[in-house]
Number of protein chains: 4
Amino acid sequence: MSEHDAPAKPAKSARPHTGRRRNEAARRAILDAALRLLADADGAPVTVETIAREAGVGKQTLYRWWPSKGAVLLDALTDRAEQDVPAPDTGSLRDDLRAVVAATFEGASAPPTAPALRTLAREAARDPHLADLMREFTGARRAALREVLERGRERGELPKGRDLDLMVDQVYGVFWYRFLLGHAPLDERTATDLADSLVR
Amino acid sequence: MSEHDAPAKPAKSARPHTGRRRNEAARRAILDAALRLLADADGAPVTVETIAREAGVGKQTLYRWWPSKGAVLLDALTDRAEQDVPAPDTGSLRDDLRAVVAATFEGASAPPTAPALRTLAREAARDPHLADLMREFTGARRAALREVLERGRERGELPKGRDLDLMVDQVYGVFWYRFLLGHAPLDERTATDLADSLVR
Amino acid sequence: MSEHDAPAKPAKSARPHTGRRRNEAARRAILDAALRLLADADGAPVTVETIAREAGVGKQTLYRWWPSKGAVLLDALTDRAEQDVPAPDTGSLRDDLRAVVAATFEGASAPPTAPALRTLAREAARDPHLADLMREFTGARRAALREVLERGRERGELPKGRDLDLMVDQVYGVFWYRFLLGHAPLDERTATDLADSLVR
Amino acid sequence: MSEHDAPAKPAKSARPHTGRRRNEAARRAILDAALRLLADADGAPVTVETIAREAGVGKQTLYRWWPSKGAVLLDALTDRAEQDVPAPDTGSLRDDLRAVVAATFEGASAPPTAPALRTLAREAARDPHLADLMREFTGARRAALREVLERGRERGELPKGRDLDLMVDQVYGVFWYRFLLGHAPLDERTATDLADSLVR
DNA sequence: ATTTAATCGAGACGGTACGTCATGTCTTCGG
DNA sequence: CCGAAGACATGACGTACCGTCTCGATTAAAT
């Protein structure tokens, strides 16, 4: 996820690489600065210029490695939250579901992540490139949740006919809808209710 | 891209301005132009400048009557789709719900509305003012749906403990989530499944 | 010289002008700021951004009225030094010539003008647009000097065969050559010697 | 514009790099490329990047051997036109002068040199380093011409009081002034007239 | 019938951010 | 250790929109 399609392209056979290598420190500085700004400015602009200055980096370096500002932001976010797609397997669908939903709600509501995620969504709205990346990102999340549901169905905890994709979207739909509009809470109670409403 | 110098039929002659009273023709021209651009440019910018030019109107006229570009866009959209909040009352919660959900899905997927709504959501992401308006707009929709649910509960079709707000958000959450990401259909089948999953 | 071709363009008959008029204060502020920077920074960059900031003006305003940074600089310089093309008429070619050359040398060496003129020449080297303007500007100067010479020739102070254009270029050639390279002085003594060498 | 992706025959194969010793072939390739670009792009930018690419050379190789881009350009030009400072000695000042001036005019007007020289002057305007080199270069030319004049004065062809430096600058002043502005010719007729006007 | 005042189209204004370009330095690798 | 490749920090460039602010012309209501 850290790049987009870094791999392969062996091409020119004999010359695997020439020239100075990518500066890992600069990459980190950029992602850190991006995350910091994303978190600090709750919904505020977050300009490319600011990220670059904050990271002590030239704008060009940023544009060299990421196709758009949004890509940096998403990268910054996922790079940190890489592993936290839980997908537990307790043997009970209800429990698994409650855990996943609660973790999703809580993870996204925690102080560093929430504003960052919000800003990210805002940026994705006008940056088609970032929108694609977001689609990819959310796709991964959906897939993880779907697996939990499939396990439950195999255990017979769900009727064969249930539309699993719809169930997944009910979870993430509620999450994003409330997260972005902010008209209702995303607390543990809600998580439990939501999970229960699905496995009824 | 349909922007910079579209044929731009400003209809100059047919709409003299009035003085003293608000010029209704200008208002219509603006809303029409906004809707047209909103629909044409699926996700494209839609600048204030463009709306004004397309409507054959000065920017100030626009800012005189709407507090922000977003307000115009939302106005343009709702002005047309004012009445279509159905809220039927068949006596059966399941049937009412199926109808509302299906109507929501279908109404938003129809050619003129879908791109407009999508663009609107995109604009709302960066325009706090429009975001507020959207909150209001979606609030009205939620209230309408909630009424349907309340009627059902009063008829005993729902247990007392059910969180009606959560049910409402499951409907609109799924709708917006799929509508904006576009990873899964918003067809009649889905509408029925979703409605049924709630009144199980 | 202040613009480029502001006049005329009656065109559309009935509507001589619409929209806000050009802000003369902004124009002055820009020219003043440009001249100040031109003078202060002897050869230093003088960026568009700086001029705009110094003048308290948006960059766009600058680009709206001048086709290039260089145009602003030249305008700033000529706008102030408009009238000082002397072209005296004492009745004696030698005296006229001495006066013109000395005035040219002195005018360009005076503290506010010299650095500005130097910067201008530097900018003209990379800005084709400004180069054109400079050609125009120097052309006017040459024409003025040529008139002095023509008067002298008519009085019989110069043989019919003398190439007046060459004489003019000897004056301005020496001036610019020394002015830009700075290897030799442009003092009154030199002015006299140069004038005398031409009317020998 | 002959820049971004010109056919760019880097002549990759024919010039393997050496290691340890300075690669004379690289030096030649750089000077040749510089001269070619200098001549081709009459007034166009001529970036370091372009020279390097055109020469099939890394930028660093360039900066290792020359202190600035301008140094390369000047080197490229003089390297070729090294010897043509004529300084003839016919015994007649008028004839010597006519020869030098005509040679200067003609040498600089020849197709390969003129655009290169023009670009060089343009670059010198913004590159202080190159400006210094140009000062040196022109200084040498002036010295050569001054010698011719001194010989003439010793032969009594010039009065003791004449300011030789001024005479020199009249020649080179006219040359550069016309060369850079291009408002009048630098032909043989002009050369003769100019020489004659000095020894009158 | 005049005045008055708000409307209209047009468009200039001060800003902010954008994405690109060139410079000169630096780092890496193969020969 | 040279040379090609190319990443890096810097900083100016010219463009796009934003929302505000004049303009002169138009026109309905108040005098």
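Note: CG (Leu62(D)) to P (dA5(F)) measures 13 Å, nearest angstrom. Between the CD atom of Glu24(B) and the P atom of dA28(F) there is a distance of 15 Å, rounded to whole Å. In this entry the distance linking CD of Glu123(C) with C1' of dC13(F) reads 12 Å, nearest Å. Between the OH atom of Tyr63(C) and the P atom of dC13(E) there is a distance of 16 Å, rounded to whole Å. Rounded to whole Å, the distance from CZ on Arg22(C) to P on dG14(E) is 11 Å. Rounding to whole angstrom units, CD1 of residue Ile30(A) and C1' of dA9(F) are separated by 11 Å. If you take CZ of Arg27(A) and C1' of dC8(F), they are 16 Å apart, rounded to a whole angstrom. The CG atom of Asn23(A) sits 12 Å away from the C1' atom of dT28(E) (whole-angstrom rounding).
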Indicate every side-chain donor-acceptor pair of residues 47-62 of chain C with a distance under 3.5 Å to a residue at least two apart or in another chain.
| unit_1 | atom_1 | unit_2 | atom_2 | d |
| --- | --- | --- | --- | --- |
| Thr47(C) | OG1 | Thr50(C) | N | 3.0 |
| Thr47(C) | OG1 | Thr50(C) | OG1 | 2.4 |
| Glu54(C) | OE2 | Arg36(C) | NH1 | 2.7 |

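Each of dA12(F), dC8(E), dC17(F) was ranked by its minimum atom distance to the side chain of Thr47(B); first place goes to dC17(F). You'll find that the side chain of Lys69(D) is closest to dT23(E), out of dT23(E), dC18(E), dT20(F). Closest to the side chain of Gln60(C), from the set dC8(F), dA16(F), dC13(F), is dA16(F).
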Requested in this report: Go through the steps for Arg27(A) and Asp79(A) under the test side-chain contact (heavy atoms from CB on, under 4.5 Å), then give the verdict.
Outcome: CA-CA 11 Å; Arg27(A) 186 182 155 272; Asp79(A) 156 87; 3.9 Å; yes

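Looking at heavy atoms from C-beta onward, Ile30(A) lies in side-chain contact with Trp66(A) at the 4.5 angstrom threshold.
Side-chain to base pairing of Arg20(C) with dC21(F): one donor and one acceptor N or O lie within less than 3.5 Å of each other. Side-chain N/O atoms of Arg64(D) and base N/O atoms of dG3(F) include a donor-acceptor pair closer than 3.5 Å.
In this structure, Arg21(C) forms no cation-pi arrangement with Trp65(C), as its terminal cationic atom is not both closer than 6.0 Å to the ring centre and no more than 45° off the ring axis.
Dashed line: the shortest gap from a side-chain N or O of Thr61(A) to OP1 or OP2 of dA7(F) is not under 4.0 Å. Phosphate contact (OP1/OP2 of dA12(E), side-chain N/O of Trp65(C), threshold under 4.0 Å): absent.
Closest heavy-atom contact between Leu74(D) and Met134(D): CD1-SD, 4.0 Å. Listed here is the closest heavy atom pair of Leu73(A) and Glu123(A): CD1-CG, 3.5 Å.
Counting any heavy atom pair closer than 4.0 Å across all strands shown, Lys59(C) reaches a base atom.
Summary of the strand contacts: Gly19(A) and Arg21(C) both lie near DNA chain E, and taking for each the nucleotide with the nearest heavy atom, the more 5' one is attributed to Arg21(C).
Contacts with DNA chain E (heavy atom under 4.0 Å) in residues 48-58 of chain C: Gly56(C), Val57(C), Gly58(C), listed by number.
A search for side-chain contact (heavy atoms from CB on, under 4.5 Å) contacts involving Asp132(A) returns Arg135(A), not counting sequence neighbours.
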